[in-house]
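Predicted model, so just to flag it, every value in this text is computed and none were measured. We count ligands from 1, going down the list as the structure has it; atoms in each ligand are counted the same way.
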Amino acid sequence: MKYILALSFFCACTDPSLSVDDSGTDGTELGDPDTDTDTDTDTDTDTDTDTAATTMPIPVPIDAQLIDGSHPLLTGRLDSGDRFARAHIAVGDVDGDGVGDLVVGGRSDDDGATDAGAFYVLFLTSDNDIRDVQKVSAVEGGLSAHLEQPLPEGGFFGYAFAAPGDLDSDGVPDLITSSPTTGTLFVLFLNADGTVRDAVQHDGLVDAWALSSTYDFDGDGIAEIAAGNPNAGRGAGELTWLSTSPTGELTTVGSIGVDELSLTTDDGFGGRSIAPVGDVNGDGWPDIVVGAFAADDGRGRTWVVLLDDTGSALSGTSIGNGLGGFTSVLDANDNFGHAVIVLPFSDVPVVVSGANRDDDTFEDAGALYALTLTSTGQVDSQVKWGEQQIPGVSTPMLGRWGRSLSLLGVDGNQATIAVGGGARTTGNIWIVTLERQP
Ligand SMILES: [Ca+2]
Ligand SMILES: [Ca+2]
Ligand SMILES: [Ca+2]
Ligand SMILES: [Ca+2]
């Protein structure tokens with residue numbers, strides 16, 4: 001048997017289109033009341049100590065650039081409550097200019113109907129700005145001509161994304177997204193200008209609140225898609241494996257849930273983030289990390305799930321408050337694990353997990369934790385990136401920084417990621433450059 005890491009997972013990627021990732025976050029839907037009754041007393045005594053030594057495996061944030069509704073290319077386009085950047089993904093180089101592009105969802109966009117949803121293709125420049133934007137919604141971007149019915153009210157189109165690569169080999173990367181409230185998945189074949197050339201719609205497979213393109217277990221050249229439904233199994237949550245094809249078919253080929261892991265009701269496993277992590281335990285088969293942000297009274301957990309050659313779970317380790325070697329203190333409703341990505345450095349991969357309702361600076365400011373893992377999936381080292389430690393980032397009250405994450409690329413000792421914030425406002429996204437220090 002063999003597997004092919006999706007999109008050259010461990011390459012020293014200079015092309016952001018090679019990045020694998022998924023999304024992430026948000027959440028008014030599951031235990032995330034807008035009428036926040038959080039009664040945290042903030043008695044954290046975090047001991048986020050770096051194990052100072054030679055070259056630190058965990059990089060340091062060195063730059064952050066904000067893209068929000070004040071950007072000249074977005075002015076007047078984002079409305080309050082659109083939830084821009086609830087999820088986003090490095091889809092690949094759509095326009096073929098050599099720079100990978102970023103798809104950013106706005107699941108509560110009101111084009112066509114209230115909360116019908118939308119996404120934007122942001123054509124990035126090499127200095128992490130955007131040079132053009134294409135919106136795809138019920139009324140823009142050529143989508144509606146290919147749908148069986150209009151995007152419905154409350155469908156949250158664009159809630160989660162997977163980047164499967166160029167499925168149909170026409171030179172333009174393609175995209176998979178979801179309307180989780182209607183149980184619909186969309187395989188979208190894109191044009192080089194970001195509009196939709198064709199769409200294949202699938203109803204009834206899975207309510208996908210998280211999506212990720214992972215590994216090619218069956219060796220057909222296309223990585224299997226992991227879809228997370230945190231509401232499955234009375235809220236224990238479940239991951240569903242989907243195999244896709246060059247024509248946009250999707251077939252269920254397996255699952256991971258309460259039968260495989262020690263999940264309990266309301267853990268919310270699979271919501272709202274899943275990411276490939278490489279071969280953690282060195283058995284030759286690639287493994288995954290999966291968020292469970294609702295677990296433990298909303299403190300949240302991040303699972304490291306060891307897989308066999310078919311994607312079945314061999315075992316899982318949950319990382320959280322007092323669990324899995326994690327040494328920071330999580331408060332109730334911090335939502336650790338709401339967003340998860342992996343920085344695929346060639347030697348030691350770094351897991352980044354968002355706790356977008358961290359209150360250590362102020363209410364729901366948000367924070368990120370960066371972790372390296374032992375071969376058993378426990379935390380080996382960890383660093384917390386709070387608001388004060390990110391150059392240029394000043395999150396507003398209720399900033400929810402880190403509600404969503406995506407990986408733009410890794411090049412040597414540098415990584416570039418996108419970080420969503422502003423959950424209760426219009427929404428915003430930061431492009432953050434990280435660098436390992438000698
Ligand atoms: Ca491009
Ligand atoms: Ca294509
Ligand atoms: Ca496959
Ligand atoms: Ca493994």
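Looking at Thr214 and Ser212, their side chains never bring a donor and an acceptor atom within 3.5 Å of each other. The closest side-chain donor-acceptor pair between Ser169 and Asp166, if any, does not fall under 3.5 angstrom. Side chains of Gln201 and Thr184: no donor on one and acceptor on the other come within 3.5 Å.
Taking the Ca ion (ligand 2) as reference, Asp166 places its N/O/S atom OD1 nearest. Looking only at N/O/S atoms, Asp168 comes nearest to the Ca ion (ligand 2) through OD1. In terms of distance to the Ca ion (ligand 2), the nearest N, O or S atom of Asp170 is named OD1.
Using a distance-only test at 3.5 Å, with no hydrogens or angles considered, no donor-acceptor pair links the side chain of Thr240 to the main chain of Ser255. The closest donor-acceptor contact from the side chain of Ser80 to the backbone of Thr426 lies at 3.5 Å or more, if one exists at all.
A cation-pi arrangement is present between Arg107 and Phe156 under the rule of less than 6.0 angstrom and at most 45 degrees off the ring axis.
Here the rule is side chain to side chain donor-acceptor pair (under 3.5 Å) with Ser404, and of Arg83, His88, Arg272 only His88 fits it.
Put simply, CG on Leu185 and OG on Ser178 are 6.0 Å apart, with the number rounded to the nearest 0.5 Å.
Side-chain contact between Leu205 and Thr252 is present, with heavy atoms from C-beta onward closer than 4.5 Å.
When distances to the Ca ion (ligand 2) are checked against a cut-off of 3.0 Å, Leu167 contributes no N, O or S atom below that limit.
Classified by interplanar angle (parallel below 30°, tilted 30° to 60°, perpendicular above 60°), the ring pair Phe119/Phe161 is perpendicular.
Near-neighbour remark for the Ca ion (ligand 1): protein N, O or S atoms under 3.0 Å are Asp93 OD1, Asp95 OD1, Asp97 OD1, Val99 O, Asp101 OD1, Asp101 OD2; waters not counted.
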Q: Applying side chain to side chain contact (heavy atoms under 4.5 Å, CB included), run through Leu188 and Leu143 and close with a yes or a no.
A: CA-CA 9 Å; Leu188 303 178; Leu143 173 68; 3.9 Å; yes

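With a cut-off of 3.0 Å, the protein N/O/S atoms near the Ca ion (ligand 4) add up to 6.
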